[in-house]
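Following: one structure in structure tokens, then a few remarks.
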Number of protein chains: 6
Amino acid sequence: MPYVNVRITEGNVTAEQKREVIAGITDLLVRVLDKSPDSTFVVIDEVPTDNWGFKGTSVSELRQR
Amino acid sequence: MPYVNVRITEGNVTAEQKREVIAGITDLLVRVLDKSPDSTFVVIDEVPTDNWGFKGTSVSELRQR
Amino acid sequence: MPYVNVRITEGNVTAEQKREVIAGITDLLVRVLDKSPDSTFVVIDEVPTDNWGFKGTSVSELRQR
Amino acid sequence: MPYVNVRITEGNVTAEQKREVIAGITDLLVRVLDKSPDSTFVVIDEVPTDNWGFKGTSVSELRQR
Amino acid sequence: MPYVNVRITEGNVTAEQKREVIAGITDLLVRVLDKSPDSTFVVIDEVPTDNWGFKGTSVSELRQR
Amino acid sequence: MPYVNVRITEGNVTAEQKREVIAGITDLLVRVLDKSPDSTFVVIDEVPTDNWGFKGTSVSELRQR
């Protein structure tokens, strides 16, 4: 019964892409770890770029450089 | 000093229900584990149904079936 | 389909107490939010006291004062 | 720059299987979301079965039924 | 390659303050643990006060007292 | 009342270094965001290098290259 949390920066990710990520991770855990899709959760969090820090500053700032 | 994170799908949860969840979990940890309410955090995250995957697809998709 | 993560400091929590916490939180979410126990996960993390910080120092240190 | 956290119950998962999970999720995020492997973290947590609750009890208890 | 998640209550935190938090935590991990800024993520989550529980009730409620 | 979770790879981090990380993050949140140390938690998770994925493989594997 896996719980998977995918955290990414916000920005135009479609519902279709989210379903592909969910399906792909679920299939992988079924195939590699013999988990059941019926007890697998995949939760996607989209984080504003002001709130995601990398290399000591925000992604918003990094993208303006 | 427990930290509890409750993650649920979005959808019309009232402030009153949230307070009931917070109070109920805090009381439980006081009673079973002898924790203090003064150092107990309960954080509720409401996740859009497009972003919550179950059984290999999104909850949005599951609900349309 | 809730996912609940309970984080506490390590120290002699029994399997029976863990089951009480799991049962209590599951019942609460069923009662208050009308969730199903069949899709409710409760995951307990026990954290060493050196690794839990509070009031600017570790819990190990706080307990020696 | 995604961060992915995979939480599963403990039990004989090999280093090879972990690498397969890491590679599979990374490839998926590259392919579907155009992310870079150089800024993708995948962290696997293995949780004791006494600490993982499902259907209102622990997985340890569920497996004994 | 640290991943740091900072969770705070919502309320007028500026982009500048977020950058200060990101820079400060990154510098600290470089200095104390010899980590590289190029593989350090800091993610800030801002939580509505109705959703943050403390002392057995919500922060929204605590602030009205 | 912030909750901060620091996740790093396992490997000889001392109790003293952990206290420095806890103190440093707490001071930063007091200074930048005017938070109170009395309601600030900092939790450090040390993750085995087999379980931490980066650039599509495990850190254990990366270090052997």
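Numbers restart at 1 for each chain; the letters A, B, ... are given by sequence-line order, proteins then strands. If you're wondering where the values come from, they're calculated on a predicted model, not measured in any experiment.
Using a 4.5 Å cut-off between heavy atoms, D/Ile44 does not touch chain A at all. For chain A, the nearby part of D/Leu28 is the side chain; its heavy atoms alone come within less than 4.5 Å. For D/Val13, the part lying under 4.5 angstrom from a heavy atom of chain A is the side chain only.
For chain D, the option among A/Thr9, A/Thr40, A/Val21 with the highest count of heavy-atom pairs below 4.5 Å is A/Val21. With respect to chain A, the highest number of heavy-atom pairs below 4.5 Å among D/Val6, D/Ile8, D/Val32 belongs to D/Val32.
From A/Thr26, atom OG1 reaches atom CZ of A/Arg19 across 13.5 Å, with rounding to the nearest 0.5 Å. The line from CG of A/Leu33 to NZ of D/Lys18 is 10.0 Å long, rounded to the nearest 0.5 Å. Taking CE from A/Met1 and OG from A/Ser39, the interatomic distance works out to 5.0 Å, rounded to the nearest 0.5 Å.
Of the possible polar contacts, none joining the A/Asp45 side chain to the A/Arg7 backbone as a donor-acceptor pair under 3.5 Å is found.
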Open item on the list: Quick one, A/Val4 with A/Val43, criterion side-chain contact (heavy atoms from CB on, under 4.5 Å). Give me CA distance, side-chain angles, the key distance, then yes/no.
Closed with: CA-CA 6 Å; A/Val4 181; A/Val43 176; over 6 Å; no
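The nearest pair of heavy atoms linking D/Glu46 to D/Glu10 is CB-CG, 3.8 Å.
Taking non-hydrogen atoms and a 4.5 Å limit, the residue list of residues 47-65 of chain D in contact with chain A, ordered by number, reads D/Trp52, D/Phe54, D/Val59.
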